[in-house]
K.L.:
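After the structure tokens below, expect a handful of questions from me.
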Amino acid sequence: MTVAAPTRPTTGDDDEAARIRHALARHFDGRRELVHGVDPRVDRLAGLLADFVLDGGKRMRPRFALAGWAAAVDTAAEAPAEVVTACAALELIQACALVHDDIIDASDTRRGRPTVHRAGESVHRAQGWAGDPSRYGVSQAILLGDLALTWADEMFVRSGVDADALSRALEPWYAMKTEVLSGQMLDVLAEASGTTDEETPVRVNRFKTAAYTVERPLHIGAALAGAPADTVSALREFGVAVGQAFQLRDDLLGVYGDPDVTGKPSGDDLREGKRTLLLARGVRSAPPEDAEYLLSVLGTDVDDDALDRARRILTDSGAVASVESEIDALTDRALAAIDSGSVSAHGRETLRALAGAATRRQA
């Protein structure tokens, strides 16, 4: 069964997002007070991170973590404040990943605004400081990403959840961080080595995206609630499938997305040389001349004509239809995984809605 695209957020979604943002803002206030004591100029840099986290994003990872908690409890009541705080800390892991990912990809924009390293570069230029503005921006963005990772641990460990809950959740928390960094390293290796096989992008999707976007957040939320093993297993199976579908949707948006909606230039994945499953299937299925063309424009500053031709090749080869079919199959697999008594009824409803938001999105 394939879920339909969500039309608009519900009031419940709005309330949950507000609670997540409030928890993040409260944590930023406390830590920035410490940073300000080091030097107000450093606090202004920390403000770049705060703006990045608080002014955008879908809050998918905290929302999946809260859904994992809800799936393991019998009541439909909202999660306690300390659980929201622990789950909100995932947004800081996401911030670290995005800030560093934008450096790796040399991206200029994120969510329709300058990336953090470009924002730092602009400050350097405006002030007329010595040295290379680009190097300065990258250096500060690396440090801000590290700061986000540090603050994520602080926020999670000091969330206020009881010691037993924290002990249960630390294993998937630590595993998630290792998995996403390992997946990112494999992604960089794949681009540099020019791999065109299908197994590598599937493995990258599994650990760079699926694990830390859906599977582990669900695991963490369920662990906080003290979920039994069968509930955790069902949620993780759901999470792997939805997380992989989420990344496949992202791959399509990276080539076909509307920049006014995605906040990134159209065709950015081709310019960045991304070795996606979409590309691998296009190269495998297209006529040799077209396959060679796809590989020749990968990692180059493609203009509109080149982008249009690459898109036609990916569509005509059947790669796009194949990826869309895989998204549907993964979504069906995810929904089947939670169609049991091991997941609470209200938790199942939330998970179905989140599956739609993750796999049918336009940005």
Side-chain angles (χ1 to χ4, degrees), residues 57 60-61 90 92-111 115-117 138 141-142 145-146 148-149 152 174-217 239-257 262-265 267-284 294-295 297-302 310 314 319 322-323 326-327 330 358-359 361 363:
M60 293 297 293
R61 289 149 192 86
L90 286 159
L92 291 172
I93 301 285
Q94 165 75 338
C96 171
L98 292 182
V99 170
H100 287 171
D101 202 40
D102 285 340
I103 295 169
I104 292 168
D105 294 335
S107 298
D108 295 326
T109 60
R110 169 75 65 178
R111 301 169 182 162
T115 52
V116 172
H117 66 280
V138 166
I142 290 171
D146 291 347
L149 193 61
Y174 290 137
M176 173 191 64
K177 293 195 294 180
T178 296
E179 288 163 351
V180 67
L181 290 170
S182 298
Q184 179 67 282
M185 290 164 69
L186 181 59
D187 192 22
V188 172
L189 184 154
E191 290 179 27
S193 62
T195 181
T196 58
D197 67 279
E198 292 192 14
E199 181 182 350
T200 299
V202 169
R203 191 172 292 275
V204 170
N205 291 355
R206 168 70 178 83
F207 293 104
K208 180 184 174 182
T209 302
Y212 106 104
T213 300
V214 189
E215 180 197 0
R216 291 302 189 180
V240 170
V242 168
Q244 290 177 319
F246 177 92
Q247 182 58 54
L248 292 179
R249 176 62 61 200
D250 206 55
D251 294 345
L252 289 169
L253 291 172
V255 177
Y256 296 91
T262 65
K264 299 191 73 175
D268 232 23
D269 276 7
L270 293 175
R271 294 186 184 89
E272 294 167 3
K274 293 290 185 183
R275 299 283 168 165
T276 64
L277 185 64
L278 174 66
L279 175 76
R281 290 190 173 173
V283 169
R284 184 193 68 186
L294 280 177
L295 293 174
V297 300
L298 195 65
T300 68
D301 190 16
V302 292
L314 290 168
S322 173
V323 170
E326 185 123 355
I327 291 172
L330 286 165
T359 62
R361 61 200 170 91

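Scope of the values below: all heavy atoms of this structure, side chains included, with no hydrogens, waters or symmetry mates.
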K.L.:
Run the side chain to side chain contact (heavy atoms under 4.5 Å, CB included) test on H100 and Q184 for me, step by step, so that the C-alpha distance in whole Å, both residues' side-chain angles and the decisive distance to 0.1 Å come before the verdict.
P.N.:
CA-CA 10 Å; H100 287 171; Q184 179 67 282; over 6 Å; no
K.L.:
Indicate the atoms forming the closest heavy-atom contact of T300 with V297, along with that distance.
P.N.:
OG1-O, 2.6 Å
K.L.:
Please report the interatomic distance CD1(I104) to NE2(H117), rounded to the nearest 0.5 Å.
P.N.:
11.0 Å
K.L.:
Counting C-beta onward and ignoring hydrogens, is there a side-chain heavy-atom pair between T209 and Q244 closer than 4.5 Å?
P.N.:
no
K.L.:
Assess whether a salt bridge exists between D187 and K274, defined as any Lys/Arg side-chain N lying under 4.0 Å from an Asp/Glu carboxylate O.
P.N.:
yes
K.L.:
Report, as yes or no, whether the 6.0 Å neighbourhood of atom CZ on R203 holds more than 12 heavy atoms from other residues, nucleotides or ligands.
P.N.:
no
K.L.:
State, with a plain yes or no, whether a side-chain heavy atom of K264 is found less than 4.5 Å away from one of L253.
P.N.:
no
K.L.:
Do V202 and L277 come within less than 4.5 Å of each other through their side chains, counting heavy atoms only?
P.N.:
yes
K.L.:
With sequence neighbours excluded, what pairs up with A148 under the side chain to side chain contact (heavy atoms under 4.5 Å, CB included) test?
P.N.:
L49, A95, C96
K.L.:
At what distance, to the nearest 0.5 angstrom, does CD1 of I103 lie from OG1 of T115?
P.N.:
8.0 Å
K.L.:
Minimum heavy-atom separation for T359 and F246, please, with both atom names.
P.N.:
CG2-N, 4.4 Å
K.L.:
Does a donor on one side chain sit under 3.5 Å from an acceptor on the other, for R61 and T213?
P.N.:
yes
K.L.:
Could you go through L252 and I327, starting from their C-alpha distance and side-chain angles, then the distance that decides it, and tell me whether this counts as side chain to side chain contact (heavy atoms under 4.5 Å, CB included)?
P.N.:
CA-CA 11 Å; L252 289 169; I327 291 172; 3.9 Å; yes
K.L.:
Determine, step by step, whether R275 and T200 satisfy the side chain to side chain contact (heavy atoms under 4.5 Å, CB included) criterion, reporting the C-alpha distance in whole Å, the side-chain angles of both residues, the deciding distance to 0.1 Å, and the verdict.
P.N.:
CA-CA 8 Å; R275 299 283 168 165; T200 299; over 6 Å; no
K.L.:
Residues in salt bridge (Lys or Arg N to Asp or Glu O under 4.0 Å) with D251, at least two apart?
P.N.:
none
K.L.:
Does any part of the side chain of V180, heavy atoms only, come nearer than 4.5 Å to the side chain of R216, both counted from C-beta?
P.N.:
no
K.L.:
Restricting to non-hydrogen atoms, name the atom on D268 and the atom on S107 that form the minimum distance, rounded to 0.1 Å.
P.N.:
OD2-OG, 4.3 Å
K.L.:
Walk me through it: do L149 and I93 pass the test side chain to side chain contact (heavy atoms under 4.5 Å, CB included)?
P.N.:
CA-CA 6 Å; L149 193 61; I93 301 285; 3.6 Å; yes
K.L.:
Minimum heavy-atom separation for D197 to A280, with atom names?
P.N.:
O-CB, 3.8 Å
K.L.:
If you measure from the Lys or Arg side-chain nitrogens to the Asp or Glu carboxylate oxygens, is any gap between R361 and D250 under 4.0 Å?
P.N.:
yes
K.L.:
What distance do D101 atom CG and E272 atom CD have between them, rounded to the nearest 0.5 Å?
P.N.:
7.5 Å
K.L.:
Do you know the tightest heavy-atom contact between L294 and G282?
P.N.:
CD1-C, 4.0 Å
K.L.:
If you compare all heavy atoms of A211 against all heavy atoms of E179, which two are closest, and at what distance to 0.1 Å?
P.N.:
CB-OE1, 3.4 Å
K.L.:
Measuring from atom CG of L314 to atom CG of L279, what distance do you get when rounded to the nearest 0.5 angstrom?
P.N.:
7.0 Å
K.L.:
Is there a side-chain contact between M60 and Q94 (heavy atoms, below 4.5 Å)?
P.N.:
no
K.L.:
Apply salt bridge (Lys or Arg N to Asp or Glu O under 4.0 Å) to D108 and list each qualifying residue two or more places apart in sequence or on a separate chain.
P.N.:
R118
